[in-house]
Amino acid sequence: MKVTVHQSTLEIVQGDITQQEIEAIGNAANSALAGGGGVDGAIHRAGGPGIMAELKAKYKGCPTGSAVITGGGNLKAKYVIHAVGPRYSGSAKDAELLSSAYRKSLELCSQHKISSIAFPSISTGIYSYPLKEASGIALKTVMEYLKDHPEIKLVRFVLFDSNTYRVYEETLKEITKAQ
Ligand code: AR6
């Protein structure tokens, strides 16, 4: 499913983010930037050891709700933006931290003149963020950002499994209908 937000495109697809032909891909990392399972493991496996070497050389971790950038190693994407979403706790801060992880990733795109990025569904795997709520935060944060940032032409959510895709699709339909 694809919608237009001001001058930009917001798209949701089901697939594997490591295979995307796009300028940057987002990673769902941890604050130690230590690598791990889920999409983080898949990105480091597909991108090769150069990505971890660059993370270690440039950064001493990354606070929850923020993001750092590296090259894309062996991936088709030129950059990886490593965003750290919250581990779901049920506290009121979770939503702000999740929104901030997407916003800071988009700010890095603007700063580095990156006009297209693919995101996974941050925090909804190992970090257990409830999917419906997380999809609303993810989509609304991106739509808000695109309103003021036409330099970003394409944001694509690449959702790994059919259930995650279905929930994002339902949420995107609700948001666009309410506007
Ligand atoms: N392409 C797209 N999405 C994927 C892929 C892929 N190749 N593989 C998994 N996903 P998770 P989190 C989906 O657990 O919840 C790691 O250990 C997955 O199905 O990867 O933010 C990190 O190092 C789910 O929908 O990230 C952290 O310690 C989504 O990606 C921690 O997990 C996010 O699930 C972060 O947990």
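Every number for a ligand or one of its atoms is a count from 1 in the order of the listing. Everything quoted here is computed from the prediction, not taken from an experiment.
- When hydrogens are left out, the protein atom nearest atom 30 (O) of ligand 1 is V39 CB, 3.9 Å; that is the closest non-hydrogen contact.
- A donor-acceptor contact shorter than 3.5 Å is absent between the side chain of Y102 and the backbone of K140.
- With respect to K113 and E23, no salt bridge is recorded, no charged nitrogen being found less than 4.0 Å from a carboxylate O.
- The existence of a salt bridge linking K132 and E174 is confirmed by a sub-4.0 Å separation between a basic side-chain nitrogen and an acidic carboxylate oxygen.
- Residue S121 has at least one heavy-atom neighbour below 4.0 Å for each of these atoms of ligand 1: 29 (C), 33 (C).
- At a threshold of 4.0 Å, the pair K147-E144 counts as salt-bridged, since one of the basic side-chain nitrogens sits closer than that to a carboxylate oxygen.
- Ligand-side atoms of ligand 1 in range of V158: 2 (C), 3 (N), range being under 4.0 angstrom from any heavy atom.
- Residue D40 approaches ligand 1 through these ligand atoms, each under 4.0 Å from one of its heavy atoms: 22 (C), 23 (O).
- Remark: minimum distance from atom 17 (O) of ligand 1 to any protein heavy atom is reached at G37 N, 2.8 Å.
- Here atom 34 (O) of ligand 1 lies nearest to G125 when heavy atoms of G125, P120, A28 are compared.
- Inspection of the T141 and S99 side chains reveals an N or O donor paired with an N or O acceptor under 3.5 Å.
- Not one N or O of A42 is nearer than 3.5 Å to an N or O of ligand 1, by distance alone.
- Atom numbering of ligand 1 starts at 1 in the shown order; those under 4.0 Å from a heavy atom of T124 are 15 (O), 25 (O).
- Residues H44 and N27 have side chains in contact (heavy-atom distance under 4.5 Å, counting atoms from C-beta outward).
- Of all the listed residues (Y165, Y168, F160), F160 holds the heavy atom that lies closest to atom 19 (O) of ligand 1.
- Here's the thing with G38: none of its N/O atoms is less than 3.5 angstrom from an N/O atom of ligand 1.
- No side-chain heavy atom of L159 sits under 4.5 Å from any side-chain heavy atom of V13.
- With ligand atoms numbered from 1 in the order given, ligand 1 contributes 1 (N), 6 (C), 7 (N) to contacts under 4.0 Å with heavy atoms of D16.
- Every atom of ligand 1 with a heavy atom of G35 under 4.0 Å away is listed here by number and element: 23 (O).
- When ring centroids are compared, Y127 and Y88 stay outside the 6.0 Å threshold.
- Taking a cut-off of under 4.0 Å to the non-hydrogen atoms of G36, the atoms of ligand 1 that pass are 17 (O), 23 (O).
- Listed by atom number, the atoms of ligand 1 under 4.0 Å from N30 heavy atoms are 22 (C), 23 (O), 27 (C), 28 (O).
- By the 3.5 Å distance cut-off applied to N or O atoms, S123 is counted among the residues near ligand 1.
- Of the possible polar contacts, none joining the E151 side chain to the S115 backbone as a donor-acceptor pair under 3.5 Å is found.
- For the residue pair Y79 / T70, no side-chain donor-acceptor distance below 3.5 Å is found, with atom types taken as modelled.
- For atom 1 (N) of ligand 1, the nearest protein heavy atom (residue, atom name, distance) is I17 N, 2.9 Å.
- Considering K104, E54, H82 as possible partners of V68, the one that fulfils the side-chain contact (heavy atoms from CB on, under 4.5 Å) test is H82.
- For a threshold of 3.5 Å applied to N or O pairs, the pair formed by I126 and ligand 1 contains at least one separation below that value.
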